[in-house]
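Side chains included, hydrogens not; waters and symmetry mates left out as well; all remaining heavy atoms used. Note on naming: letters A, B, ... go to the chains in the order of the sequence lines (proteins, then strands), and numbering restarts at 1 for each one. Model, not experiment: these values are computed from the prediction.
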Number of protein chains: 2
Amino acid sequence: MTISTLSTREKIISAAAALFYGEGIRSTSVDAISAKAGITKRTLYYHFNSKDELVEAYLLSRDQPTLDLYKRWFEKTPGSVDKKIEGIFREFGLAAQSPKWKGCGFLRTSAELAGTPGHPAIQAGAAHKKKFEAWLRDILADGGIDAPDDAARKILVLLDGAASVMLVHRDATYVDAAGAVAATLASKAR
Amino acid sequence: MTISTLSTREKIISAAAALFYGEGIRSTSVDAISAKAGITKRTLYYHFNSKDELVEAYLLSRDQPTLDLYKRWFEKTPGSVDKKIEGIFREFGLAAQSPKWKGCGFLRTSAELAGTPGHPAIQAGAAHKKKFEAWLRDILADGGIDAPDDAARKILVLLDGAASVMLVHRDATYVDAAGAVAATLASKAR
DNA sequence: GTCTATAAGCCGATAGAC
DNA sequence: GTCTATCGGCTTATAGAC
């Protein structure tokens, strides 16, 4: 998105990401993706062997941008680590109130593809969540929190739980409640 | 399932529930449901006006049985409320390790249908989650826990987070970690 | 590398008989 | 209330020209 001239492959992934996230995997046809990308279906199948491969590419393309977004939310909140962790939940709750927000793409894709356990996109989702958890652990360790591995794991569950409940109720007070628990987990004195 | 003679409508819902849960909503065809129910597609459309109506009926049929299951898990664990709450997570983690387990049907359906916000099945899922949260609150209030509304809400997020992460990693230690946090929330001294 | 055209089959839903 | 038969459209993926 930074450079106006995208390669054909990048245009395809960008179109696929928008549709897969907005409408779901099975609800999105290869026809719709190629139309949005401004190319033909045959060209799409020149760059990707199957729709499944395209789903995997979609999640791989969202890995780093998603990590960067949470990193920004963490850094923009002033104060100690627990306040910064709570800030992540606050920012997330605000973003998730928008009608454009349709849940965590990694969790939603894993949920939709749960019937086919070996799917490469599920592995891509798992890899992203592991990276996110490792980033949380590093943050907590830098802040001098005891047992950062354990705390990171618990905060990850709270964040993914907040995203899941938010998709059902569209009520940000659940996110705030989760953030309050996460803040106590990210404070040294407990 | 308790009586061997199911009505046609019940046979359809039972078949639909098994396929929707096992394979997902969009991946399940009306053809497959009628075949599994042992009736023709025309008969299915005599009892239900659309596939969407059938998806809603699937979640409505799982509401009470799901509440009963968690109630049993709570009651079978001895000790104080916090131990009983932790017992729910332990039992859930054990059940979720089975390959047959494919996540929380309510959350997975909400995730797959996130592209169509007004869908009746999403409302059915939200109603179920509200009932579950109310049951948690009553349990905590009976156990003498302070601010049971707040605690119930936080434990709900932890349980749904555990279900979501479990679907990605298939690692029950995440569920145990969530259960430990829930137990502290369900103890009077905190 | 991108195009037009189409294969081969599955989709949800319906008509009309009994 | 259940059946057989089928509609019209959409699905992923491919063949062959340029």
Which part of the nucleic acid, if any, lies within contact of A:S27, taking any heavy atom under 4.0 Å across all strands shown: a base, the sugar-phosphate backbone alone, or nothing?
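The answer is nothing, as A:S27 stays clear of every strand by at least 4.0 Å.
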Does A:S7 reach a base, just sugar-phosphate, or nothing at all? Heavy atoms under 4.0 Å.
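Nothing: the residue A:S7, judged by heavy atoms under 4.0 Å, touches no strand.
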Does the ring centre of B:W101 sit less than 6.0 Å away from the ring centre of B:Y21?
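No, too far apart.
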Residue met sooner reading DNA chain C from 5', once A:Y46 and A:R26 are mapped to nucleotides:
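Result of the comparison: A:Y46.
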Please tabulate, for the side chains in residues 134-145 of chain B, all donor-acceptor contacts under 3.5 angstrom to protein atoms that are two or more places apart in sequence or on a different chain.
none

For [X] and [Y], indicate whether the former's side chain and the latter's backbone hold a donor-acceptor pair under 3.5 Å.
{"X": "B:K51", "Y": "B:I25", "result": "yes"}
{"X": "A:E10", "Y": "A:S7", "result": "yes"}
{"X": "A:T43", "Y": "A:I39", "result": "no"}

Please list each protein N or O that sits under 3.5 Å from an N or O in nucleotides 8-10 of chain D, with the distance.
none

Tell me: [atom1] of [X] to [atom2] of [N], nearest whole Å?
{"X": "A:F48", "N": "D:dT14", "atom1": "CZ", "atom2": "C1'", "result": "18 Å"}
{"X": "B:E53", "N": "C:dA13", "atom1": "CD", "atom2": "C1'", "result": "13 Å"}
{"X": "A:E23", "N": "D:dT11", "atom1": "CD", "atom2": "C1'", "result": "17 Å"}
{"X": "A:K11", "N": "C:dG1", "atom1": "NZ", "atom2": "P", "result": "13 Å"}
{"X": "B:L19", "N": "C:dC10", "atom1": "CG", "atom2": "P", "result": "16 Å"}
{"X": "B:L44", "N": "D:dT4", "atom1": "CG", "atom2": "C1'", "result": "16 Å"}
{"X": "A:I12", "N": "C:dG1", "atom1": "CD1", "atom2": "P", "result": "12 Å"}
{"X": "B:L54", "N": "C:dG12", "atom1": "CG", "atom2": "P", "result": "11 Å"}

Mind listing the residues from residues 111-125 of chain A sitting with a heavy atom below 4.0 Å of DNA chain D? Number order is fine.
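Those residues whose heavy atoms fall under 4.0 Å from DNA chain D, taken from residues 111-125 of chain A, amount to none.
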Between OG of A:S14 and NZ of A:K36, what distance do you get to the nearest 0.5 Å?
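These two atoms lie 8.0 Å from each other.
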A:R108 and A:L167: CA distance, side-chain angles, deciding distance, side-chain contact (heavy atoms from CB on, under 4.5 Å) verdict:
CA-CA 10 Å; A:R108 258 182 75 211; A:L167 205 49; 4.0 Å; yes
NZ/NE/NH1/NH2 to OD/OE distance under 4.0 Å, B:R26 and A:E112:
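Here B:R26 does not pair with A:E112 in a salt bridge, since their nearest N and O are not under 4.0 Å apart.
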Which label fits A:Y70 and A:W73: parallel for a plane angle under 30°, tilted from 30 to 60°, or perpendicular past 60°?
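Perpendicular: the ring planes of A:Y70 and A:W73 meet at over 60°.
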Any B:S50 side-chain N or O less than 4.0 Å from OP1/OP2 of C:dG12:
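It does not, given that no N or O in the side chain of B:S50 lies less than 4.0 Å from OP1 or OP2 of C:dG12.
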For a quick test of reading the model: is some side-chain N or O of B:Y45 closer than 4.0 Å to OP1 or OP2 of C:dA13?
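Yes, such a contact exists.
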List for me each residue that meets salt bridge (Lys or Arg N to Asp or Glu O under 4.0 Å) alongside A:E86, sequence neighbours excluded, and say none if there are none.
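With neighbours one apart ignored, the set is empty.
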Give me, pair by pair, the N or O atoms of the protein and of nucleotides 3-5 of chain C that are less than 3.5 Å apart, along with how far apart they are.
{"from": "C:dC3", "atom 1": "OP2", "to": "A:T40", "atom 2": "N", "distance (Å)": "2.9"}
{"from": "C:dC3", "atom 1": "OP2", "to": "A:T40", "atom 2": "OG1", "distance (Å)": "3.0"}
{"from": "C:dC3", "atom 1": "OP2", "to": "A:T43", "atom 2": "OG1", "distance (Å)": "2.9"}

ILVMFWY cluster membership beyond B:V168 - transitive side-chain contacts under 4.5 angstrom
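Its cluster partners, ordered by chain and number, are A:L107.
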Picking from A:L59, A:I33, A:T109, what satisfies side-chain contact (heavy atoms from CB on, under 4.5 Å) with A:F20?
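With A:F20 as partner, side-chain contact (heavy atoms from CB on, under 4.5 Å) holds for just one option, A:I33.
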